[in-house]
Amino acid sequence: MKTYEVEVRIWLKPSVFDPQGHAVEQALHTLGYAEASDLRIGKYMHLTVQSTSLSEAQMRVEEMCERVLSNPVMETYAYTLKEVALS
């Protein structure tokens, strides 16, 4: 069994209004950071997965993202997997 560190990033799809991102962008403008634009707020998750292979781990993580970690109707996701060496 191999161990993988997984980083998952989730954000709203471009067609979905991001009220939190809009509010933060407005706050930046109010504070004088007029150069900031298109600010979107997302989520970051870190987890560890044990699996027999990289492809199996990828399949399981995608399933987790689709079923639990994200809302596929409104959100999109990306992830990275890194095998962890056992000590």
Side-chain angles (χ1 to χ4, degrees):
M1 193 67 80
K2 297 176 181 176
T3 301
Y4 298 91
E5 284 186 357
V6 184
E7 294 181 348
V8 180
R9 294 170 308 284
I10 298 172
W11 59 94
L12 290 170
K13 290 181 176 178
S15 60
V16 176
F17 179 65
D18 179 357
Q20 188 178 14
H22 180 73
V24 172
E25 184 176 316
Q26 291 304 308
L28 288 172
H29 291 172
T30 300
L31 294 171
Y33 301 104
E35 68 274 23
S37 64
D38 302 324
L39 196 147
R40 304 286 284 180
I41 301 289
K43 297 180 269 186
Y44 169 82
M45 299 171 199
H46 179 268
L47 61 144
T48 300
V49 173
Q50 293 190 344
S51 181
T52 56
S53 69
L54 176 62
S55 61
E56 170 80 16
Q58 290 172 327
M59 184 184 73
R60 297 294 285 171
V61 168
E62 288 179 21
E63 188 177 296
M64 290 177 208
C65 288
E66 292 286 332
R67 296 184 68 197
V68 179
L69 302 178
S70 75
N71 176 349
V73 173
M74 299 175 49
E75 298 173 321
T76 189
Y77 64 87
Y79 65 89
T80 57
L81 282 170
K82 182 174 75 175
E83 186 175 345
V84 178
L86 297 177
S87 55

List, by chain and then residue number, the residues other than [X] in its hydrophobic cluster (Ile/Leu/Val/Met/Phe/Trp/Tyr, side-chain heavy atoms under 4.5 Å); write none if there are no others.
X: Y77; value: Y4, V6, V8, I10, M45, L47, V49, L54, V61, M64, V68, L69, Y79, L81
X: M59; value: none
X: F17; value: none
X: Y44; value: none

Main-chain N/O of A36 paired to H29 side chain as donor or acceptor, under 3.5 Å: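 Yes: the side chain of H29 pairs with the backbone of A36.
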
Flag, side chain of S70 to backbone of C65, donor-acceptor distance under 3.5 Å: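 Between the backbone of C65 and the side chain of S70 there is a qualifying donor-acceptor contact (under 3.5 Å).
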
So how far is it from [X] [atom1] to [Y] [atom2], rounded to the nearest 0.5 Å?
X: K2; Y: S53; atom1: NZ; atom2: OG; result: 7.0 Å
X: H46; Y: E7; atom1: NE2; atom2: CD; result: 5.5 Å
X: D18; Y: L39; atom1: CG; atom2: CG; result: 7.5 Å

CD/Q20: more than 12 non-hydrogen atoms of other groups inside 6.0 Å: no

side-chain hydrogen bond (donor to acceptor under 3.5 Å, both in side chains) against T80, all qualifying residues, sequence neighbours excluded: none

Those residues that, when tested against S37, pass side-chain hydrogen bond (donor to acceptor under 3.5 Å, both in side chains) (two or more places apart):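 By the side-chain hydrogen bond (donor to acceptor under 3.5 Å, both in side chains) rule, S37 matches no residue at all.
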
Salt bridge (Lys or Arg N to Asp or Glu O under 4.0 Å) contacts touching residues 22-48 (sequence neighbours left out):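 Those involving residues 22-48 are K43-E75.
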
Pairs flagged by salt bridge (Lys or Arg N to Asp or Glu O under 4.0 Å) wherever residues 48-62 is involved - sequence neighbours left out: R60-E63

same_hphob_cluster(V73, W11) at 4.5 Å side-chain heavy-atom cutoff: no

T48 side chain reached by V84 side chain, heavy atoms, under 4.5 Å: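 Heavy-atom side-chain distance check fails, nothing below 4.5 Å.
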
Trace of the side chain to side chain contact (heavy atoms under 4.5 Å, CB included) decision for M1 with T52: CA-CA 5 Å; M1 193 67 80; T52 56; 4.2 Å; yes

All side-chain contact (heavy atoms from CB on, under 4.5 Å) counterparts of A27, not counting sequence neighbours: none

